[in-house]
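Since the structure comes first, as structure tokens, the remarks are kept for the end.
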Protein chains: 2
Amino acid sequence: MQNQSSAEHNDPVTITLTDRLFDRLQRAIVEGEIASGSKISEPELARQHGVSRGSLREAIGRLEARKLVERKPNLGARVVTLSYEHLIEIYQIREALEGMAARLAAQHMSDNEIEELQTLLSEHGRQIEEQHGEAYFQKQGDLDFHYRIVQGSKNRHLIGLLCNDLYHLLRMYRYQFGMRSKRSRQAYDEHHYLLNAIISRDPEMAELLMRQHIRSSRRNVEKMLLEN
Amino acid sequence: MQNQSSAEHNDPVTITLTDRLFDRLQRAIVEGEIASGSKISEPELARQHGVSRGSLREAIGRLEARKLVERKPNLGARVVTLSYEHLIEIYQIREALEGMAARLAAQHMSDNEIEELQTLLSEHGRQIEEQHGEAYFQKQGDLDFHYRIVQGSKNRHLIGLLCNDLYHLLRMYRYQFGMRSKRSRQAYDEHHYLLNAIISRDPEMAELLMRQHIRSSRRNVEKMLLEN
DNA sequence: CAATATTAAAGTGTCGACACTTTTATCTGT
DNA sequence: ACAGATAAAAGTGTCGACACTTTAATATTG
């Protein structure tokens, strides 16, 4: 699940104005530049970005589809309000969907893809040894690993759901709740078990391990948030 | 998962023009009135429905979010093309998500809700005895049952994903692939096992049974489609 | 002075018009 | 007659303006 612009696999590289605007707004929201829960004034935002209200409106519509903003008729749009409960909901959905993705990946990934995944993972291992688990790189590494497995499912609908819809919401929580994982070593191990299940072409086991991995990640987050 | 207009839990009952248009278009697409795979001409559709292109565009945007149409910059929108492969993808996602929904429902449904579910199910049983499994009613019954369990998960994000996004796509396949279930009796039995797991408050078992139920429904569909 | 009614301001929903892109139809040369 | 170039038509992307709704500010009244 790496950074990808909204040109998301759009063969014609024509980027429309609304596309760019959508990207910018999404980033601004995810990174908290536009505060969570705050109201969005169409005239103001349109002016700030030098664009007509019509185009802005379309961008907002897409943000709504990704559940980054909520809209009520005649009352306007607000940036979604983050909450502990909602974060848990997202983890439950991830557990179900990524579990299925791992199951499918064990069936459908090519030998070549599996090798690349292996390479990626040993690279992570090296990084962890070297810099004793520098948080940022490891977090990105986690995303890369999950991203490849999701892609490996070969289920385009599932890929879209996880990489387009859920991913950015999750990123928003990471940014704004300051979620740094202090368990990069454990995560790395769990990734390894999962990889072995995929190498063995064992769908059942792959799903099981992925679900455990996400559950333990969730427990980690829960603990971290209850400390604050 | 019963019929619900796009006013979807919008407290202010102000229905905007775009809302109505969206509903109409969604119905037209789901029921095949606008052919799957066909191109959508904005000027023409706008004229047909007596509405400006701007409003139509917003409606199309929402249809795109629900994956009922696909859009390419400067080339316009097409109704999504149905395929066997895509239908399988949807069933895989349903298996994962509804499985999780059942697990959560076993934990979170109120005793009252469980009783109502029980009532609903015995009503279905009665109907099957009487009219020997009239296809339509039983299909609706299946939807109602699943709908309540999804609601019972109390996971709002999950509910939205299943009842808003996936549900209409699935309905579209049912309509256009003519998917009638000839296994209402078996489905009824499977519902019963699942209900028992929920009554026992056994999340693990509930998820397992729901996943089996959806898998067997998928196999039924596969068989049915390979006959044509 | 507080609570309601009235009015002004701001905001959203909808529309029609124009610019640019893609597609279709026509023309040109060999 | 056919392939490619050219022009016309249709279609999409973007904009600014107006109507109606909500919110804020002001006035009114008990």
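Letters A, B, ... mirror the listed sequences (proteins, then strands); counts begin at 1.
- Rounded to whole Å, the distance from CZ on A:Arg78 to P on C:dG11 is 13 Å.
- Look at CD on B:Glu58: it is 14 Å from P on D:dT14, rounded to the nearest Å.
- An OP1 or OP2 oxygen of C:dT14 is reached within less than 4.0 angstrom by a side-chain nitrogen or oxygen of B:Thr18.
- Separating the CZ atom of A:Arg47 from the P atom of C:dT12 is a distance of 13 Å, rounded to the nearest angstrom.
- Take B:Thr119 and apply the side chain to side chain contact (heavy atoms under 4.5 Å, CB included) test, not counting sequence neighbours, and it matches no residue.
- With rounding to whole Å, A:Ile15 atom CD1 is found 15 Å from C:dT21 atom C1'.
- Under a cutoff of 6.0 Å and an axis angle of 45°, B:Arg171 and B:Tyr167 form a cation-pi pair.
- Within the structure, every side-chain polar atom (N or O) of B:Ser41 is placed at least 4.0 Å from both OP1 and OP2 of D:dA10.
- The CD atom of A:Glu44 sits 10 Å away from the P atom of C:dT12 (whole-angstrom rounding).
- For the side chain to side chain contact (heavy atoms under 4.5 Å, CB included) test, residues two or more places apart in sequence or in another chain that qualify with A:Ser216 are A:Arg183, A:Gln186, A:Glu190, A:Arg219.
- B:Leu21 comes within 4.0 angstrom of nothing in the nucleic acid, heavy atoms only.
- Counting non-hydrogen atoms under 4.0 angstrom, A:Leu45 reaches nothing in the nucleic acid.
- Taking atom CG on B:Asp19 and atom P on C:dT12, their separation rounds to 16 Å, with Å as the unit.
- Under the side chain to side chain contact (heavy atoms under 4.5 Å, CB included) criterion, A:Ala96 pairs with B:Ala96, B:Leu97, B:Met100, sequence neighbours left out.
- To the nearest angstrom, P of C:dT14 lies 12 Å from CD of A:Glu42.
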Mind listing the N/O atom pairs, protein and nucleotides 16-21 of chain D, below 3.5 Å?
none

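- Aromatic ring centroids of A:His191 and A:His213 lie under 6.0 Å apart.
- Residue A:Lys39 has a polar side-chain atom (N or O) positioned under 4.0 Å from OP1 or OP2 of C:dT12.
- Between B:Thr16 and C:dT12 there is no side-chain N or O to OP1 or OP2 distance below 4.0 Å.
- Atom CG of A:Leu75 is separated from atom P of D:dA24 by 11 Å (rounded to the nearest Å).
- In this structure, A:Arg78 has no salt bridge (Lys or Arg N to Asp or Glu O under 4.0 Å) partners at least two apart in sequence or on a different chain.
- Listed by chain and residue number, A:Leu87, A:Tyr91, A:Tyr173, A:Arg174, A:Phe177, A:Val221 satisfy the side chain to side chain contact (heavy atoms under 4.5 Å, CB included) test with A:Met179 (two or more places apart in sequence, or in another chain).
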